[in-house]
Amino acid sequence: MSDNPYTRAPPLARFNGPSTSNKAPHPLMGFLSRTVKAPQVQKALEGDTNPFTLQPHTKQYHKILEARKKLPVYSQMTEFYEMKSLSDALFLFLNRIPQFVCYTDLPHTKGKLVACTQPRRVAAMSVAKRVADEMDGEHYPRVIRMPSLIVIPVPLGKQVGYSIRFEDMTEPGTTFLKYMTDGMLLREAMNDPDLNRYSTIILDEAHERTLATDILMGLLKSLAKRRSDLKIIIMSATLDAHKFQKYFALQKGETAPLFKVPGRTHPVEVFYTQEPEPDYVEAAIRTVLMIHRAEDPGDILLFLTGEEEIEDACRKIKLEADDLMNQDPDSVGPVICIPLYSSLPPAQQQRIFDDPPKGRSPDGPPGRKIVISTNIAETSLTIDGIVYVVDPGFSKQKVYNPRIRVESLLVSPISKASAQQRAGRAGRTRPGKCFRLYTEKDFMSELEEQTHPEILRSNLANTVLELVKLGIKDLVKFDYVDAPAPETLMRALELLNYLAALDDDGNLTALGGIMAEFPLDPQMAKMLIVSPEFRCSNEILTIVAMLSVPNVWVRPPNMRREADQAKKLLEVPDGDHLTLLNVYNHYSLNMHDKKWAYNNYLNSRALAQADNVRAQLQRTMERFEIDIVSTQDERALYLNVRKALVCGFFMQIAHKEGEKNAYLTVKDNQVVSLHPSCGLDTTPEWVLFNEFVLTNRPFIRTVTTIKPEWLLEYAPLYFELSSFPKGETRRALESIFNKGNRLPVGSTKGKKRSREQSTEVEAKRKRA
DNA sequence: ATGAGTATC
């Protein structure tokens, strides 16, 4: 938590104080919060003095202002301020207007802030930068660089700041417009449910329906009843603005005002196929080549679903396009094919902004750039110069199956809204064309209007814990924009209860309260919190950090054998969790050297991220006085780590069935195999897994061998044998249980142990 | 006998 900015004198004092040496009236003289009218704002915008910094407006400011005046939203200013002063609580908008809100809300005079949320970190950062320039805010004098961050923070205005994970670029008392990720605001709400530091909250890109935005909409709706002074603005780019408008109606028949700002794009002509295409990749390649041969100059953007598909298509298109050029050099120009997906290093991603290749001769056909992308190019990255879009109509989407508690990725048809968004990418610089590889009839009748909101497609264990921490008593009755399946909520509650984060009545326990403070899945938070009792919190901290970042193993297609050999050298036979620990420790021993990582086929960006996450988690541990301890003897240490893993992941155990590599998950009875990336050199009888992945077949990934008696000892409630389905697993556990009962008196038995853990946590909470 | 669409704390 940053310092509370409101203990300082409100900056308004400065406006009327002696610091304004000239006799000119203050630019905001006569402005009263929320009664401000457009002509007043217009005058302030045109004025010589920046009303927020009291510095003279710069030349650059006036230049930007002239450009802004041409935007549609500028001409609607009158309408905007009229409406804002007429209504009470809720506004819905279809474009970006946070600056205008500041002129009427005047948050700095009340010691408050206007918050504007974004689904993505990069957007929060870059929009803050742009708006800081538009408002002529003061800049910090230098670029702040953090060694292990992927994105380099931009110099930003003090009045306009941003807050994202790992970076709070705001200045208490000065910043009054704060851009932030939606997840960040949700975190803040956990410690300040009334969000008292904000006078207006703007949720941008609400149509994307991220998990955090959906939860925030529910919270803000009920918060509006408690805080009459709070203004809420929802910004949405698509049709479902009406859905939000209805959702936020405080009383029946009364709807929040809607304010539309037309976007500024060029027309895009849409074409459909006559017949459905049986093979969308083949059809996509054919269409791209057809465009290249027959259409006017202009770059092409093709949407495919994943890395492998994209790399494959890239090669094929390049080969065929080169062929075409060699056959007919007078009419077909050269191409470059650029793949684009999130796991590419930033330098590779930058290539999408390269210029298209030059024509082979001055008067010959010009070159063409072809970008082949996942749906990262649909929302997160915009490429100017695209004139042609090829849309096969598919993307990989997360689906959650609460019955077997598995999240997986499925190639699925996109929604109409998505298809429109994709088509729009062709019209950013001039009129364009979009080729849809499905029939118009299918578009009309088969595609859903909107992509299913994330809340309907996710495991909600984390979210439910956050909601309970926020004081939501009845999760089923919570006012969701779209309510998740009851079974999904039940699964989440069940997990949290077994982890002792919630008691049997669904109330938050002391342990649960601390778990919620960690930006981790509940299983990982639990094992981290109990790990000092196993004298390995230093190691569990590392493992949790490593599990929180993208895959650290690099396996280039042409160097697989070398990469696998390098991995072998780092593997610990007892399990992949220990291997991750080992990798991190070697990375540290080698002074976080990128070269070392590269030579050992490790992703240095992921390792740097793990470092960052580890430091953040360590700070949270210190806040709750969770000791960071270790064990000297390596054998004892590894044993302790495996026991601590069981305390968090006892619901993710598999038992070997038969002779082969076949495992059965405990209780859910799913037949699974060890993932080929698994580093165990044997197939032990009992294993704990981090992840269940469903690809061609069901796999368990990141696996460590455990002893069954630990299950009975550390998770006695879950392993209450009478509740078990009959079968080989139950028989095996029963025989362990009977053996265990004959142990000499004095060995720690399960129930006693868990009670010890909760008292320990209770004591920590009181001290914290 | 082989895999991660996109985000977030």
Side-chain angles (χ1 to χ4, degrees), chain A residues 117-124 163-168 180-191 205 208-216 303-311 340-344 373-381 394-399 407-412 414 418 421 451 453-455 457-458 462-463 465-466 469 515-522 524-525 544-545 548-555 557 560 563-564 567 603 606 609 612-613 616-617 619-620 660-661 673-679 691-702:
Chain A
T117 70
Q118 298 290 327
R120 285 168 291 278
R121 299 166 44 125
V122 182
S163 176
I164 59 181
R165 188 181 188 183
F166 305 125
E167 268 178 78
D168 183 2
M180 63 205 300
T181 48
D182 49 7
M184 199 72 191
L185 185 60
L186 194 53
R187 282 266 137 192
E188 284 189 9
M190 276 188 357
N191 288 304
E205 311 283 359
E208 289 193 28
R209 302 296 302 276
T210 63
L211 198 42
T213 293
D214 260 34
I215 298 296
L216 283 170
F303 287 99
L304 289 176
T305 66
E307 177 177 340
E308 207 183 314
E309 213 174 76
I310 287 169
E311 293 290 357
L340 177 63
Y341 41 88
S342 74
S343 60
L344 279 176
S373 170
T374 61
N375 44 0
I376 191 172
E378 200 180 297
T379 49
S380 308
L381 283 169
F394 292 96
S395 71
K396 274 190 188 162
Q397 287 167 33
K398 187 164 74 184
V399 284
E407 264 182 1
S408 50
L409 290 170
L410 259 184
V411 173
S412 325
I414 59 170
S418 247
Q421 178 79 14
T451 309
E454 202 183 0
I455 197 171
R457 299 183 281 117
S458 308
N462 237 330
T463 308
L465 184 59
E466 276 167 11
K469 174 99 182 185
M515 281 166 63
E517 295 280 338
F518 284 93
L520 293 171
D521 280 345
M524 288 204 257
V544 161
S548 302
V549 298
N551 185 8
V552 296
W553 309 105
V554 179
R555 203 162 175 259
R560 285 190 184 155
D564 290 347
K567 183 160 178 273
N603 179 344
Q609 267 186 65
N612 221 342
V613 172
Q616 189 193 35
L617 295 173
R619 284 194 295 275
T620 310
K660 278 181 260 163
N661 175 18
S673 314
L674 298 180
H675 193 273
S677 67
C678 171
E691 227 182 344
F692 181 140
V693 285
L694 197 60
T695 50
N696 298 326
R697 290 191 292 131
F699 290 106
I700 50 177
R701 190 160 53 186
T702 314

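All heavy atoms count here, side chains included; hydrogens, waters and symmetry mates do not. What you see is a predicted model; the values in this text were computed from it and never measured. Each chain gets a letter, A, B and so on, in the order its sequence line appears, and its residues count up from 1.
- Between A/Val613 and A/Phe166, the closest side-chain pair of non-hydrogen atoms falls below 4.5 Å.
- Heavy atoms of A/Ser343 sit nowhere under 4.0 angstrom from any nucleic acid atom.
- Residue-level contact check: A/Arg697 touches the backbone only, with heavy atoms under 4.0 Å from sugar-phosphate atoms and none from bases.
- Of the charged side-chain nitrogens involved, none lies within less than 4.0 Å of a carboxylate oxygen, so that A/Glu309 and A/Lys396 do not count as a salt-bridged pair.
- The 5' end of DNA chain B is approached more closely, in terms of each residue's nearest nucleotide, by A/Thr305 than by the other of A/Thr305 and A/Gln616.
- At the heavy-atom level, A/Arg560 lies nowhere under 4.0 Å from the strands shown.
- Taking OG1 of A/Thr702 as the reference point, atom NE2 of A/His675 lies at 9.0 Å (rounded to 0.5 Å).
- Ion pairing between A/Glu466 and A/Arg187 holds under the 4.0 Å rule for side-chain N and carboxylate O.
- In this structure, A/Thr210 reaches neither bases nor backbone, as no heavy-atom distance under 4.0 Å exists between it and the strands shown.
- B/dT8 and B/dA4: their C1' atoms are spaced 16 Å apart (whole Å).
- Scanning DNA chain B 5' to 3' for nucleotides with an atom closer than 4.0 angstrom to a non-hydrogen atom of chain A gives a first and last hit of B/dA1 to B/dC9.
- Residues A/Ile310 and A/Ser373 approach most closely at CD1-C, 3.6 Å, considering heavy atoms.
- At a threshold of 4.0 angstrom between heavy atoms, the contacts of A/Ser395 with the nucleic acid are absent.
- Nucleic acid contact class of A/Glu307 (heavy atoms, under 4.0 Å, all strands): sugar-phosphate only.
- Not a single salt bridge (charged side-chain N to carboxylate O under 4.0 Å, His left out) links A/Asp182 to another residue, sequence neighbours left out.
- Base engagement by A/Asn551 is indicated by at least one non-hydrogen atom pair under 4.0 Å involving a base atom.
- Using a 4.0 Å heavy-atom cutoff across all strands shown, A/Leu409 reaches at least one base atom of the nucleic acid.
- Side-chain contact annotation: A/Glu378 with A/Ser418, donor-acceptor N/O pair under 3.5 Å present.
- As judged by a 4.0 angstrom heavy-atom cut-off over every strand, A/Phe518 is placed among residues making no nucleic acid contact.
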